[in-house]
There are 2 protein chains.
Amino acid sequence: MKNITEKQQKIFEFIKDYGLRTGYPPTIKEIMDYFSFSSPTAVISHLNALEKKGYIKREKKKSRGITLNEVFLNIPIIGTIPAGVPKIEEENFEGFISVNKDFLGKGQFFSLTVKGDSMKQAGIFDGDYVIVEKNLEIKNGDIVVCFYDGEYTVKYFYKKKNFIELKPANPSYKSIIIKENPLIIGKVVGLFRKIK
Amino acid sequence: MKNITEKQQKIFEFIKDYGLRTGYPPTIKEIMDYFSFSSPTAVISHLNALEKKGYIKREKKKSRGITLNEVFLNIPIIGTIPAGVPKIEEENFEGFISVNKDFLGKGQFFSLTVKGDSMKQAGIFDGDYVIVEKNLEIKNGDIVVCFYDGEYTVKYFYKKKNFIELKPANPSYKSIIIKENPLIIGKVVGLFRKIK
DNA sequence: TTTCATACTGTAAATAATTATACTATAAAT
DNA sequence: ATTTATAGTATAATTATTTACAGTATGAAA
């Protein structure tokens, strides 16, 4: 995103804080009052600049019609997916984990509950929520979510000459060897855990 | 929170979805149009019911002045705290992790970066963000953040007869034994990790 | 030297949005 | 039997909020 001036930065911060505090963005007049401008036009020109530079979006003629382009990325928690159902629908939806956009970057994310301890040594425990990014290039050594034999599984991915190895981090489990193209749902890019 | 009727639930959901989509709550008229009411008073009575039951807050006379009482809990990421500074100020603030309130419950939370691998066997890795809850009762076996010897440390907590043991999960490290009252910052109740 | 972005003042008009008042009707609870 | 909560219609008044227009001034870039 383009550089913004100091004043624009301050106005952006004000909108952000106001939203965090109240749950909705400020009006033009509220911004005007906060910065002691004597005309709403002063605010409008700053908002136009911020919109032009990609920091906010504005709905014309709507009150408080300011959307911050930054802030949160909402990751839906799909929870457990029934075995045998290769499609991820937003039906088993359990809520959201939400992180600052600059935390994970742009992309399509969702979150799943991990079952079992086959990835324990990679720090992925039973009951953890893995954050999965779709449509990412998978490289050897990446942790992936794969649909195999009617179930979802989280494993290390290794592409060998004649097969693909889905390797658990836990040495007590065996690797899965696949010769056909496996159904990779996405790459594990994050983790969320609740600790009792 | 008190039970709400089906209609109230639907209106609450609409406000929630609208907010997720746009970044700001709907106006009374927008709700009215969506539900094909022919009077704003119909909406107002539902909003009054929702407010009375504790689901929303409303700022009178403000446009879009609806705040959802549910939804997100913003956990500030304090990142690294300089060693030797026992007070956690929101100055090293790096952003937010935000989760649904029903995920972690009520309380005061913040998030810190973990340094080192002394808790590796507990699934807490170098670079992880631990979510810390303040003012919780600490029991033996809990993972805590403690200020000791000018630094912050994440360890298992064990209160023995004459001393307190701060035990690492990694057997390569030694326990810290404290005889005076240690400065417990809070209990580790969650974890967030970015995986490259 | 002309253009462009920034950074405003000041006022009026237009429209968006909330509230207020006066009603009707139904089902559940005391 | 009466109160209370729910679930509405319909209209008008009021206030909140945005936009539009006409300006001024400054510094940087082409």
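For the numbers below, each heavy atom of this structure counts, side chains included, while hydrogens, waters and symmetry mates do not. Below, chain A is the first sequence line, B the second, and so on; all start at residue 1.
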Worksheet item: Contact class for A:Ser39 vs. all strands (heavy atom < 4.0 Å): base, sugar-phosphate, or nothing?
Response: base

Discussion item. When you measure from the side-chain N and O atoms of A:Ser63 to the phosphate of C:dA16, is any distance below 4.0 Å, counting only OP1 and OP2?
Written reply: no

Worksheet item: Nearest nucleotide by nearest heavy atom, which residue falls closer to the 5' end of DNA chain D, A:Ile44 or B:Ser45?
Response: B:Ser45

Discussion item. If the cut-off is 4.0 Å, is B:His46 near the phosphate of D:dA7, judged by side-chain N/O to OP1 or OP2?
Written reply: yes

Item to complete: Please check the phosphate of D:dT19 (OP1 and OP2 only) for any side-chain N or O of A:Arg58 closer than 4.0 Å.
Response: yes

Worksheet item: Has A:Gln8 got a side-chain N or O lying under 4.0 Å from the OP1 or OP2 atom of C:dA5?
Response: no

Worksheet item: Nearest to the side chain of B:Lys53 - D:dT19, C:dT9, D:dT6?
Response: D:dT6

Item to complete: Classify the ring geometry between A:Tyr129 and A:Phe192 as parallel (under 30°), tilted (30 to 60°) or perpendicular (over 60°).
Response: tilted

Discussion item. Looking at C:dG10, I'd like to know if its phosphate oxygens (OP1 or OP2) sit under 4.0 Å from a side-chain N or O belonging to A:Ser38.
Written reply: yes

Worksheet entry | Atom pair distance, as rounded to whole Å: CD1 in A:Ile31 and P in D:dA16 | 17 Å

Worksheet item: Would you say the base of D:dA10 and the side-chain of B:Thr41 have a donor-acceptor pair closer than 3.5 Å?
Response: yes

Worksheet entry | Under-4.0 Å side-chain N/O to phosphate OP1/OP2 contact, A:Lys7 with C:dC8 | yes

Worksheet item: Between A:Lys52 and C:dC4, is there a side-chain N or O to OP1/OP2 distance below 4.0 Å?
Response: no

